[in-house]
Amino acid sequence: MPPSHASTSDSKPAGASGGVQSLERAFDLLERMADAGGEVGLSELSASSGLPLPTIHRLMRTLVLCGYVRQQSNRRYALGPRLIRLGESASRLLGTWARPYLQRLVEETGETANMALLDGDEIVYVAQVPSKHSMRMFTEVGRRVLPHSTGVGKALLADTPADEVRALLARTGMPAATEKTITTPDGFLDALEQVRRAGYAVDDNEQEIGVRCLAVPVPDSPTSAALSISGPAGRVTEAATERIVPILQQIAKELSEALASSGTTS
């Protein structure tokens, strides 16, 4: 579509994708706002998106009227409260989709399986299938924890730039859940380097004494997600880790493929 049409006819279909151009642009702006920390100015959006200011202003005005964006007193724009309800519903649905994969993890590893997301600066557990052992781990679905003391936190932050990780840790602090919790930014960054090298993350008695967790990210997930297993340290040994990690990685890959295919249409 010629540029002159792009700035004046937001409701026409986008030629490349066959979608509605104004919707694609609106969602792109929301994504850019999220990437920028949730608050931006129109000029910043124009510079990053390449769209002219009048087009961005029309789209943002519509998003404000719908409650998905709000205008601050300083005339900058912030993500709006209606997105919270959408995010919570999407998280629950994502957890529902993941349950069959978590069930397979339990069957193949014998340990409790979890799915967690990175929500702002926190980790939130969105699904769990418990182990069949009498001694097993429970994590309440909906529970929020800080990333520095969890295997899923390490898995989710492993590829995040170091300066962003340091900024997150500065906001949350690094309280010690146990005597083995990592409590310094440098120590946590070293742990993330180990995750990148190994391809999986470990929580070794760092969130709870006597409990070990193994975690891997879900590749190409629509939102940052990780799968993990957790169990008593006496069962989740180094030998067990060698057996469990490939299972975790394979099931995370299959979940990723299922999530990608669920977003396609015929």
Side-chain angles (χ1 to χ4, degrees), residues 1-97 116-126 141-142 144 146-147 156-157 160-161 163-172 218 220-225 259-260 262-265:
M1 182 177 294
S4 59
H5 290 179
S7 63
T8 59
S9 184
D10 289 335
S11 62
K12 290 184 179 180
S17 67
V20 177
Q21 189 178 71
S22 58
L23 283 175
E24 291 177 352
R25 287 175 167 178
F27 283 117
D28 178 65
L29 293 180
L30 291 173
E31 292 280 357
R32 291 177 187 278
M33 292 179 71
D35 291 341
E39 181 181 319
V40 295
L42 293 184
S43 58
E44 295 169 57
L45 285 175
S46 180
S48 66
S49 68
L51 293 173
L53 277 171
T55 298
I56 292 178
H57 187 264
R58 285 197 303 274
L59 291 169
M60 295 299 282
R61 185 172 58 196
T62 301
L63 290 170
V64 168
L65 290 173
C66 292
Y68 297 116
V69 169
R70 55 190 172 89
Q71 189 171 18
Q72 309 279 66
S73 58
N74 60 4
R75 302 191 64 79
R76 290 167 66 82
Y77 289 85
L79 296 176
R82 289 199 69 183
L83 291 171
I84 296 173
R85 182 169 63 88
L86 294 180
E88 290 175 344
S89 296
S91 294
R92 288 194 296 269
L93 185 56
L94 189 58
T96 300
W97 285 336
L117 307 181
L118 182 63
D119 183 19
D121 291 343
E122 297 177 317
I123 302 300
V124 57
Y125 289 92
V126 296
V141 172
R144 291 175 175 270
L146 298 181
L156 289 168
L157 292 176
T160 303
D163 58 341
E164 293 182 23
V165 173
R166 288 184 184 276
L168 182 153
L169 296 174
R171 291 190 298 268
T172 64
V218 178
D220 302 316
S221 174
T223 187
S224 296
L259 292 173
S262 71
T264 61
T265 57

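These numbers were taken from a predicted model, which means no experiment stands behind them.
Around atom CG of Asp220, no more than 12 heavy atoms belonging to other residues, nucleotides or ligands sit under 6.0 Å away. Atom CD of Gln71 has more than 12 heavy atoms from other residues, nucleotides or ligands within 6.0 Å. More than 12 heavy atoms of other residues, nucleotides or ligands lie within 6.0 Å of CZ in Arg171, so this atom counts as buried by the packing criterion.
Atom-to-atom distance recorded for Arg70:CZ and Tyr77:OH is 13.0 Å, nearest 0.5 angstrom. With rounding to the nearest 0.5 Å, the separation of CG in Leu59 from CG in Leu30 is 9.5 Å. Taken to the nearest 0.5 Å, the CG atom of Leu42 stands 6.5 Å off from the NE2 atom of His57. Atom CG of residue Leu146 and atom CD1 of residue Ile123 lie 9.0 Å apart, to the nearest 0.5 angstrom.
In plain terms, the two heavy atoms of Ile56 and Ser49 that are nearest each other are CD1-OG, 3.7 Å.
A donor-acceptor pair under 3.5 Å is formed between the side chain of Ser46 and the backbone N or O of Leu51. Between the Glu44 side chain and the Gly41 main chain, a donor and an acceptor come within less than 3.5 Å of each other. For Arg32 (side chain) and Ser48 (main-chain N/O), a donor-acceptor pair under 3.5 Å exists by modelled atom type.
Looking at Leu156, Leu168, Thr160, Asp121 one by one, the single match for side-chain contact (heavy atoms from CB on, under 4.5 Å) with Pro147 turns out to be Leu168.
Two residues are said to be in side-chain contact when any heavy atoms from C-beta on lie closer than 4.5 Å; Met33 and Leu45 meet this criterion.
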